[in-house]
Every structure is written in C-alpha cells, then in structure tokens.
Amino acid sequence: MYRKVYLKLKKKNAEGFAKECAVVTHYRLKTDIQNPGKLIVDPEAKLEEELVVRPTSEAIIWNTYKTWIQSYRDLPILINQWANVVRWEMRTRLFLRTAEFLWQEGHTAHASKEEAIQETKTMLDVYADFAENYMAMPVIKGVKSENERFAGAVDTYCIEALMQDGKALQAGTSHFLGQNFAKAFDVKFNNKDNQAEYVWATSWGVSTRLIGALVMAHSDDEGLVLPPKLAPFQAIIIPIYKGEASKNIIDEKAQSLLEELKSKGIRAKYDSDDNSRPGWKFAEYEMKGVPVRIALGLRDIENNVAEVARRDTKEKTSVQLDGLPVYIENLLNEIQHSIYQKALDYRNEHITEVNTWDEFVETLETKTGFVSAHWDGTPETEEKIKEMTKATIRCIPLNNRSEAGQCILSGKPSTERVLFAKAY
RNA sequence: CGGGAGGUAGUUCAGCUCGGUAGAAUACAUGGUUUGGGACCAUGGGGUCGCAGGUUCGAAUCCUGUCCUCCCGACCA
C-alpha cells in the first residue's frame, strides 16, 4: 500500500493499473452508537491523501533504485524478496486467488536491453525447471497476449499448466519491463561514453498459488499425491501388530529400518502410535500424499520382507528387507517421473488443434484443455472470443512454429497458432 | 450492489409443508473385546434450534424485522 503519488506511469500503463487499484480512504473504525458491538467507518478519520493498494511493488522498488543507480558500474542489480501481498479481489479462491498471499518476487535493473531480456528468460527457465522437475508438473513456456500482459511490461513471459479438470493455470510469470519504469521514475545511468540512458528492467514472481497447482495437478479421490522431491515425508512405516509383545518386536525392526532409510537421505517416519489402527493410518497417509508406505507385521518379519505401497498407483509389493532402502530410493525416483509423465500425457492429449469456430467452441465445451488455433493478433478479437466462450489466450508458446492460417473468429490471416483455454 | 441457497450437537445434516417442547451419522468420554484397508459392543456427556419481536395454551416449525455465511454475475487471474 502506498501514496498515490508513487504511482506514476506512462499513460498507457497507468490505465492498465487503474482498474486494479483499491483505495484506502479512512484510517480507523469506531463502534456504532446505534448498534453497540458493531464497527463502522469513523467519518472523522478521513485521510487527507488516499492510499492505494497495488498488487506489485514496482513503485517502491523503482523509487529506491533511483537512489542507487548512477553509473553502468552500478548495474546490474537484482533484488529478491519474499513478501505477503494484499490485493483487492472480488471473489477469492483457495490458494489460487486469495486476498492475501505469500510470494517470491524479483526485480532487476540492467544497462542493456539484451541483458534484461536474457534475465527474463533465465528466470522463466528457473520457474519451469522447478515446476517440472520438483513439482512434477509440466508447463508450457510462452508469451502473453497484450490483453493478458502485466500492465507495466513490454512482454510478459509465463509458464502455463493444465489442471486435471481441463482448466489452465498460470503458474509463474517473468516480465521484460523495457524502460517503462525507468522512464516513469526517471532512473538513468551514465554509460561508458558518459551518456545518460534509461535503465532496462525485469521483474518476476511465483506465489503460494503453486500449492494450489500442485494439489490440482496430481491429487485423486483419496487425497493428495505429492511428488517425492517435495514431500515432507517420503516414506511412512506402519506397524501391524497384535498385542504388546509383537509390537515390541516390530518396533525394534522398524526403528532399524527407519535409520537405514534416513542414512540414505530418505525423509522417513515411523508411526508407532497405538491410538489408531493400521487401516486408519493407511487412509490418513494416503490423504496426506506420502509417496511410499511401508507396512511391517510379524508375518513380514518372519519372511524378512515388508509390504511396500506406492501412493500414485496404489500398487502393493512385497519387498525383501535386505535391499529395502535402495528399493525405496529407486521407487521414489520412479514415482517422481511417473506422476510427471502422467500429467504430461494428460496435458499433451489435451492440446487440440482446431481450424474452425465450431470446432473451437465444441472442443472447449466437451474436451476442455488447451485449444491451439489461429488468431488475428488483435485485442478486439481476443476480447470477443472471451465474451463468447470464457476462453482466453493463455500464451503464445516460445519457439512456436510458423504456419499460415486464418483466424477462427475473424477469418483474417494469421502466421501462427496460439493456445486458448478456460483458466483459473 | 444485483440473482439464488442456507443458519438446528464439535462437524455434516434431518426435522419445518401439517405447531405439542429436538434427532441421526460422525466426533468426544469411560469400560471391554480388537488390530494385514478408516474396528465392534455397552454406557455417558454435549444444542438459549443465528438474533429480536409477534401469533398461540404451546413455536426449530407460522408471521414480521434483523444479522451472518455460501454459491452465481459486474473485464478478474
């Protein structure tokens, strides 16, 4: 939240921001005399200068950068921060769009356009790598259309994921800001030839929205399915016993197994709680998404085995105790790849190329997912399509191939396909 | 702010049409039997029925007002 005077932008960008700004007009509440226990806005407490609630911190950052940057020797600069953000939201949605959330954002300043663009793409790759290799969630890297672009950016790059219900989710963004903010805040540096130039900039961020993405990308009717690399517990050991005596035997075996797993770097836990029964624990850890369950009973110990169940496929296997830690280690890798592959297959099956308006509408309604179609490149057409179908352009994929075609709505010529989808 | 639904046990809800002083499941407590997929039996505790009026011998139920929550829409990813 900040003073309205900080929000100085080029006219074009200012218009983009204006409609997203909530305004704070009063600084306190008071109890209602007519209705004790209720609070009302205190009319005495009107602010002389209203404050603006803004979804990004560029204004603060660039007021600061202005004081830091004089020479090319001061560049580049990178500031990363984790911050709780407050936004005005008409309607919230758990994890995906909340009025307050935690995010990571970075702001950089550069001496050259090329370096700034490179930074934008590097960060997009960082986000894509995290989504795919840690969250096991395939994403499409692309550029936003003008309508979907961040108001202060020249180009907004994004990673787009597809949820299991066929709706798309923007999982992260990286913006090439050009010289927009440098000009708005008058941030110049002297180059090697002692000439003043405006600074080039980027900003990028991901938020707790990724948690929502993770949930919706992999979960099933039994609950969460967590990728092994991110699971707080990767393996849970559950004892199956009758009576105190057998529990003691199993406890001992389970403890040594636990130590073996930990020594291999596996995040494991032994649940010896006597208050809930095995069946309860099975269901509980499935719901929590623990990738691997190891059940250990007297019968198993006699045979020198354990029952290993994987969360993603629910498959159960009897495994020799001797090689168990190695088996689990491999299984965790297998699960990590397997859930990624499953999500990737689903995603690929749900990218549909269409060439006519009827196919377009039909695909959005029945098959859902991404629809790859020609578009004439105008915001007006995108807007009309959105009004008619609720679908928006999620992105123009990077390394998109050129292909002559006709816009599905206007029929005007187009040189490449873009990805449409209904999105969160 | 418009349109729709709803506030009853810790939770999810039934009961309301047709008034008779509140129930189920689950959770909780105690005891026992159990333990290889969310155990069973028995006993027990727990609710000013959102709030305020009104009608009535009697209101969770009917009437009026009021507060709150959720869902759908206002260019919002």
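Because only heavy atoms are used, hydrogens play no part in the values below, and waters and symmetry mates are left out as well, while side chains stay in. Per chain, numbering begins at 1; letters A, B, ... match sequence-line order.
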Participant: Could you tell me which nucleotide pairs with U21(B) by Watson-Crick or G-U wobble geometry, both distances under 3.5 Å, or answer none if nothing does?
Facilitator: none

Participant: Between C75(B), G38(B), U35(B), which nucleotide gets closest to the side-chain atoms of M287(A)?
Facilitator: G38(B)

Participant: Which part of the nucleic acid, if any, lies within contact of E387(A), taking any heavy atom under 4.0 Å across all strands shown: a base, the sugar-phosphate backbone alone, or nothing?
Facilitator: nothing

Participant: Is the gap between the ring centers of F420(A) and F360(A) under 6.0 Å?
Facilitator: yes

Participant: Between atom CG in D273(A) and atom P in A39(B), what is the gap in whole Å?
Facilitator: 13 Å

Participant: Paired with U56(B): which nucleotide, if any, by Watson-Crick or G-U wobble criteria at under 3.5 Å for both distances?
Facilitator: none

Participant: With both distances kept under 3.5 Å, what pairs with C16(B), Watson-Crick or G-U wobble?
Facilitator: none

Participant: Does G31(B) pair with anything, Watson-Crick or G-U wobble, both distances under 3.5 Å, and if so, with which nucleotide?
Facilitator: C41(B)

Participant: For the C1' atoms, the ones on G20(B) and on U56(B), what distance do you get once it is rounded to whole angstrom?
Facilitator: 12 Å

Participant: Can you tell me, in whole Å, how much space there is between the P of C13(B) and that of G50(B)?
Facilitator: 15 Å

Participant: Measure the distance from CG on D274(A) to P on U33(B) and round it to the nearest whole Å.
Facilitator: 14 Å

Participant: What's the CD-C1' distance between E284(A) and G38(B), to the nearest Å?
Facilitator: 9 Å

Participant: Using whole Å, report how far NZ of K242(A) lies from P of U33(B).
Facilitator: 16 Å

Participant: Under a 4.0 Å N-O cut-off, is there an ion pair linking K422(A) with E365(A)?
Facilitator: yes

Participant: Could you tell me whether K144(A) and E160(A) have a side-chain N and a carboxylate O separated by less than 4.0 Å?
Facilitator: yes

Participant: Under a 3.5 Å threshold, yes or no: a donor from one side chain and an acceptor from the other, between D251(A) and Y270(A)?
Facilitator: yes

Participant: Any strand counts, and the cut-off is 3.5 Å on both contacts for Watson-Crick or G-U wobble. Which nucleotide pairs with C76(B)?
Facilitator: none

Participant: With a 3.5 angstrom cut-off on both distances, give the Watson-Crick or G-U wobble partner of G65(B), or none if there isn't one.
Facilitator: C51(B)

Participant: Between R277(A) and C40(B), is there a side-chain N or O to OP1/OP2 distance below 4.0 Å?
Facilitator: no

Participant: With a non-hydrogen cut-off below 4.0 angstrom, is I238(A) in contact with a base, only sugar-phosphate, or nothing?
Facilitator: nothing

Participant: Which part of the nucleic acid does D300(A) contact within heavy-atom distance under 4.0 Å: base, sugar-phosphate only, or nothing?
Facilitator: base

Participant: To the nearest Å, how far apart are E382(A) CD and C76(B) C1'?
Facilitator: 14 Å

Participant: Counting distance alone, no hydrogens or angles: does the base of G36(B) have a donor or acceptor under 3.5 Å from a partner atom on the side chain of K316(A)?
Facilitator: no

Participant: Expected output is a numbered-order residue list: members of residues 207-224 of chain A with a heavy atom under 4.0 Å from any atom of RNA chain B. What is it?
Facilitator: R209(A)

Participant: Quick one: is K422(A) getting a side-chain N or O under 4.0 Å of the C76(B) phosphate, OP1 or OP2?
Facilitator: no

Participant: So, T108(A) versus E119(A): side-chain donor-acceptor pair below 3.5 Å or not?
Facilitator: no

Participant: Taking the six-membered ring of F282(A) as reference, does the NZ or CZ atom of R293(A) fall below 6.0 Å from its centre and within a 45° cone about the axis?
Facilitator: yes

Participant: If you measure from the P atom in U55(B) to the same atom in G45(B), how many Å do you get, rounded?
Facilitator: 37 Å

Participant: Now, which nucleotide makes the Watson-Crick or G-U wobble pair with A9(B), with each of the two distances under 3.5 Å?
Facilitator: none

Participant: Just by distance, with hydrogens left out, do D376(A) and T378(A) show a side-chain donor and acceptor under 3.5 Å apart?
Facilitator: yes

Participant: With rounding to the closest Å, how many angstrom separate the C1' atoms on G23(B) and G36(B)?
Facilitator: 38 Å

Participant: Assuming nearest nucleotide by heavy-atom distance, tell me which of K390(A) and L296(A) is located more 5' along RNA chain B.
Facilitator: L296(A)

Participant: For W280(A) and G38(B), give me the distance from atom CH2 to atom C1', rounded to whole Å.
Facilitator: 6 Å

Participant: Take atom CD of E146(A) and atom P of C75(B), then tell me their distance rounded to the nearest Å.
Facilitator: 19 Å

Participant: What is the distance, rounded to the nearest whole Å, between atom CD of E286(A) and atom C1' of G36(B)?
Facilitator: 14 Å

Participant: Salt-bridged, E353(A) to R401(A), with N to O below 4.0 Å?
Facilitator: yes

Participant: Less than 3.5 Å apart, any donor N or O on the side chain of S145(A) or E148(A) sitting next to an acceptor on the other?
Facilitator: no

Participant: Would you tell me whether H175(A) and T156(A) have side-chain atoms, one donor and one acceptor, within less than 3.5 Å of each other?
Facilitator: yes

Participant: Which whole number of Å gives the distance between the P atom of C67(B) and that of A60(B)?
Facilitator: 23 Å

Participant: So which one's nearest nucleotide on RNA chain B is more toward 5', A309(A) or L96(A)?
Facilitator: A309(A)

Participant: Say you pick atom C1' in A27(B) and the same atom in A39(B); how far apart are they, in whole Å?
Facilitator: 16 Å

Participant: Determine the interatomic distance between C1' on U26(B) and the same-named atom on G65(B); round to the nearest Å.
Facilitator: 36 Å

Participant: Write down the distance separating the P atoms in A42(B) and G6(B), rounded off to the nearest Å.
Facilitator: 36 Å

Participant: Which nucleotide in the set G38(B), G36(B), G37(B) lies at the smallest distance from any side-chain heavy atom of I240(A)?
Facilitator: G36(B)

Participant: Pick base, sugar-phosphate or nothing for E148(A), based on heavy-atom distances below 4.0 Å to the nucleic acid.
Facilitator: nothing

